[in-house]
Each structure stands twice: as C-alpha cells, then as structure tokens.
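Below you'll find the structure, written out as structure tokens, and then a few comments.
A note on names: the letters A, B, ... follow the listed sequences, proteins ahead of strands, and every chain is numbered from 1.
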Number of protein chains: 2
Amino acid sequence: MNYHVLKLFYYVAITGSVTKASERLHISQPAISAQIRKFERENHILLFEIKGKRMVLTPLGKRLIEPLEKFFAMGDQVQQIIEDYHKFPEGNLRIAGNYLATSILIPRWASLFKQSFPEVNIQITTTNSHGVMEKLNNFEADVAIYSDMEFPSHNTGVFEHRELYRDEYVFVVSSQHPYANQQVSFEEVMSEAFIMREEGSAARERLVRLCEERSVQQPTIGLQFNGVNEVIQAVIAGYGISYVSALLAKPYLDQGTLANVAVENVVSKHSIWMGYRKKELQESYMQSFITFVMKQLSLK
Amino acid sequence: MNYHVLKLFYYVAITGSVTKASERLHISQPAISAQIRKFERENHILLFEIKGKRMVLTPLGKRLIEPLEKFFAMGDQVQQIIEDYHKFPEGNLRIAGNYLATSILIPRWASLFKQSFPEVNIQITTTNSHGVMEKLNNFEADVAIYSDMEFPSHNTGVFEHRELYRDEYVFVVSSQHPYANQQVSFEEVMSEAFIMREEGSAARERLVRLCEERSVQQPTIGLQFNGVNEVIQAVIAGYGISYVSALLAKPYLDQGTLANVAVENVVSKHSIWMGYRKKELQESYMQSFITFVMKQLSLK
DNA sequence: ACAACTTACGCCTCACGTAATGATA
DNA sequence: TATCATTACGTGAGGCGTAAGTTGT
C-alpha cells in the first residue's frame, strides 16, 4: 500500500480541489494530480468524478475518508510518542481521569509520587469516563482513571484494570427543594427536571440505564454542563435535581448546601477503576506508579 | 512521517532480527539495517540495542509496537475497502451480529432483502456483542447488531443506533433441575454453578454487573462455551444454570427441555440494537437495508 | 478569457542490491 | 569459523517541478 498517495488523496478530498490541496501540502498541482491518477490506474478504481470544475468523490472515495482519518490519527500518535521521548527523556506519565478522579484522588497521588520520582514528567487530563477510555485506547494516555462502565473496556486483552475505590451515586437537590431529605419513588424523582453533564459521563449513562431497565421515561435534562462542579453549583442555585457521585457531593451535603434525596429501590453503586497497558508494554516508571497508588490505597 | 521505515522497524522488532525480517519482507539485510539506522539518526532516537547477537528493543522501541499494530491494521482496512470494491462492484453489505441476531433475526431479513436487492452481496459474521462493535469500529462491518451495552457505543458521534427489539434475559435450567419453575432469591441462584459464554458476551456482562450492583460474589462459571447454542445444550444435559436471552430460550422452554427459574427482584430487560455509520458515509444500499429492516419490524 | 485539471518530460532523491567489512558466540 | 549486523557504493524507480495542453464556465 502506497501510504503517501493516501495523504494526497485525503487532502484533495477534504478541500474538494487539487489546487487547494497543493497549496496546503506545498506540492505542485500536477504532481498531486499525477499521483492520484496513477493510484487509480494501478488499482482499477475511480476516486473522483469531475462535475464541471469541481472534483466530486465517488462512493468508493467517500468510503475511504473516515478510515483514513483514523489511519492518520494513529500515525500521528506514533510520531507523538517519538517526539515526547525527546521532551521527557526521564519518563512521561500521561494520566487521563474523569472529574471525580482528577479533582479528588489524583492531585494527592500525583504530588506524592512526584516527590519520590521527581524526574518523571506528569500530565493530567480531565474528560468524561468515555473520553478517558478513548485516550487510553488511542495512546494519548498511559493511565486511565474512570467510573465503572464495565463494558467493553474490561474485556480487551490489551489493558489491565484495578478497582480503586467503591462509591455510589446519589440524587441531590438544593436544601430548599421540596424533595430535600425526603424519601420518594424512582418515578417521582424522574419526573423532575435534571441538571446533568454531557453524554459520555458515567453518571448520566447510569441514570439513562436505570430508566431503560425500569421502562421509565428518560430524564428531562433542563440544564447541561461540561463539568460536574458546574452541575453542583447549578443545583445549589435551586433549579432541579442531579445524580452525582457521593464522594463528590459529600462536602456540600456536610455543609448543608446540598441535600440528599432517598430514592426507593435504586442500586447506585459504582466503582472507580484504573486502567493501563499490560506490563510488557510499559515503561518502568509506570509500574512504579501503579504500585505506588495501590500502596496509598492500602494505607487508608 | 516516513511510513515505510515503520514497517521495516516493526518486522525487525517482532522477529527480533534483521535477517529474519529481511526474509519475510524480501528485502536485503543491509537495506533494512540502513533504513532503521537512518531513521534513528534523523529522529535522534535509539530503537534497538545490540545484546550479543540479538536485537533488543529499547523502552521507546517497545512503546511503538502496539500503536504501530493499530496503525497497520487501519491501513489494511483501507486496502480491504479498495479490494472489496472490485469483488463486489454492485455493493457489499457486511453485517456483524451476535448469535441472537445472526441466528434468529438476520436470516429472515437478509433473505428477504436479497430478494429485493439481488445485486447486493451480503456477508454475515457472528461474534459476541463486544466483537460486533469492534468490527463496526474497525471498518470490518457496515452494520452491527448487538445486545444492549449502551456505553460507549451510543455516545460516539460517528454511528447511529436504533433499537430493534426488546427482550429480556432469563435464568434457565434443565427441566429435571431442583430450581426448575421455582421462585428463588438472587443470592441462591448465584451460588449455583453457571454455564456461560466467553467474556464479551452481553448476557455474561449483565450477570457480572448484577452481582457487582448487589455486592454478591461473582458467578462460578463451571463450563464456558464460545456459542450460546452450546451453552443451552449443556444446560439441557443437566449441569448447572445459565442466563440467556428469552427469545433464544423460548423454543426450548415451550418444548419442555429447558425450564425457567424465577429470580426475585432482578431486572433483566435488554434490547437488540442496530448500529451503522451516519448517512453521509454510507452507500445507497445501506440506507435501503436500514429502511427495509425498520419496515419489517413495523409489519410484525 | 480564465481557472481549473491533465499530459509530457527531465531531474534528483532515496530505497534498493551486491560486495566487502566488522563483531560476537 | 559461522552467523549475525554494518559500511560502501553503484543503480533504478518514482515523486517532484516546470511548461505546455485540454476542458468547462
């Protein structure tokens, strides 16, 4: 497979013109044109049709776009790994965590670990649990810390996972809300307006799942934020109800700005997991970090 | 990025020797050697260390292996799409389904669809729900039919999903089993020996999840098969209990070879979903297939 | 006519092979 | 001394640019 021509093809495809592609790639128009035509000839295919002055993708051409994007993305990852090696010759540890992890668990671990291994560079990224797994999968992170979602991450043979922490989700409202500290049914609570994070958040997924299992109508998401902190602030402000990690809600519940809603018969346990590549594929300081974290947990 | 040298590097890495790589690639030893050394020089990195007669990967080299495998796999997919285009000029529809789908739903749909669109080639593959999503993701399938697992597949912006069918899982035993047609608690049923499919099967994942939510010990899997049919036959033979789709178990329950176990307070609803790429990325016959399936479902 | 893409042709880089040399068990 | 990898060097395929040709608005 001629990788080079694929890039040329891709740029022509997304710009819709050989001329524009040549400007971006700093290669002459005829060179690109010739490459693509030759590629078409060799493979007995047609990638573009000429509609007047425009280059229009054939169905086959269209079909190649998305796989090629993934292909180039993986190539970029390889390049990134090589470049990172220069930037961080002593070791580079990229941790991706959901908000719960990066705001509560990781800060302490990271700073303690850094004291023992000052030469290791540590980068921490926050996204939702879905994004965290994506990052691990795409080699954009070495360690992923995320909520639950036992599937499909736990099945792949490439990663290992350890349960770090057991937690549960709770329904919370402002302390002025009529449901504050009340016991209500699942149906009642679900008819309220919700404040939730974006899709891909583990708590939101869980809530949706609960509704599906019980054949209850999906929650009305009155407000949606990209961060759980923002969600909590909005709930405190008085509008609606949310479903968040108990660990995260605890300080607010203790100080009385948030109140619990006891919902009958809802199992809301979840766990915080740490996922990473198998030993054979790790650098040595990765193993140090894992054993360090496990030791920290056993101390508590 | 020099894609070519990455392949050379990869072959040397997995064979552990330039000589062996040169044999596989049909390129001379010096040529490969020179390429890799040049690549190392250009990027100021070291990929191999010479330990006696062996070529041993450096930590950086090790780190590149797995991303490269993904990278090449995506490249192969691109090539496959081009080759498929020759083999099936009229259209090629690759359906990946779990056993439930490929044994019960798809056979009827596929044959009816083929009658209306005889020119479209249809390939059907059976794996577990996890494998099905992998195939869709890796461009090895155009349509995925799978059980439930709302996460993370439903979150990606690339795919669309439709719910096809609502079903539930049931605990089944042979008709001679003491639990046959009895009502028992979840804890009781989970202390029995189970016959289940491999990891990645949606029913198994659900069962594990149920145990986690209730803090009940994970099931003892006494026998494990790669197919659900085999599981059912083993249960009929008298050993243990299983947790399977009601749709699949129905014929056996009707004829009396299997018996239901009513387990208190367990929500076992699940759905069969169809996932596929968004419209912009489809060929025309894909849309035909989707509307065809939805029509079939509404007829029933 | 102009603004695209294509064809024609010569140049030059770079990956290749052959042959010789170096290292290690 | 046999078996690896590396160095040295000549060769050829192929991607490039320039310039001329073609097509559609």
* When every nucleotide of nucleotides 9-15 of chain D is labelled 5' to 3' by its protein contacts under 4.0 Å (heavy atoms), B for base, S for sugar-phosphate only, - for none, what sequence of letters results? -> ------S

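Using a distance-only test at 3.5 Å, with no hydrogens or angles considered, a donor-acceptor pair links the side chain of B:Asn128 to the main chain of B:His130. When atom types are taken as modelled, the side chain of B:Lys135 and the backbone of B:Ala144 share no donor-acceptor pair closer than 3.5 angstrom. A distance-only check finds no donor-acceptor pair linking the side chain of B:His4 to the backbone of B:Gln35 [under 3.5 Å]. Put simply, the side chain of B:Thr58 gets close to the backbone of B:Leu46: a donor and an acceptor are under 3.5 Å apart.
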Donor-acceptor pairs under 3.5 Å, side chain of residues 91-98 of chain B to any protein atom, not counting sequence neighbours: which ones?
unit_1	atom_1	unit_2	atom_2	d
B:Asn92	ND2	B:Gln123	OE1	3.3
B:Arg94	NE	B:Asp142	OD2	3.3
B:Arg94	NH1	B:Phe139	O	3.0
B:Arg94	NH2	B:Phe139	O	3.2
B:Arg94	NH2	B:Asp142	OD1	3.0
B:Asn98	OD1	B:Ala101	N	3.0
B:Asn98	ND2	B:Ser129	OG	3.3
B:Asn98	ND2	B:Ser147	OG	3.2

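Nucleotides of DNA chain D nearest to A:Leu8 and A:Ile50 differ in position, and the one nearer the 5' end is that of A:Leu8.
In this structure, B:Gln29 places its CD atom 14 Å from P of D:dT7, rounding to the nearest Å. For the pair B:Glu23 CD and D:dT3 C1', the computed distance is 12 Å after rounding to whole Å. The separation between B:Glu49 atom CD and D:dT6 atom P is 13 Å, rounded to whole Å. Atom CD1 in B:Ile36 sits roughly 13 Å away from atom P in D:dT7 (whole-Å rounding).
With B:Val293 as the partner, the side chain to side chain contact (heavy atoms under 4.5 Å, CB included) test is satisfied by one option alone out of B:Ile106, B:Leu112, B:Leu164: B:Leu164.
A cation-pi contact, defined as under 6.0 Å to the ring centre and within 45° of the axis, is absent between B:Lys278 and B:Phe159.
Nucleic acid contact for A:Thr19: sugar-phosphate only, since backbone atoms but no base atoms lie under 4.0 Å from a heavy atom of the residue.
Taking both residues in full, the closest heavy atoms of B:Tyr276 and B:Met286 are given as CB-CE, 3.7 Å, listed atom of the first, atom of the second, then distance.
With a cutoff of under 4.0 Å to any heavy atom of chain A, the contacted region of DNA chain C is bounded 5' to 3' by C:dA3 to C:dT7.
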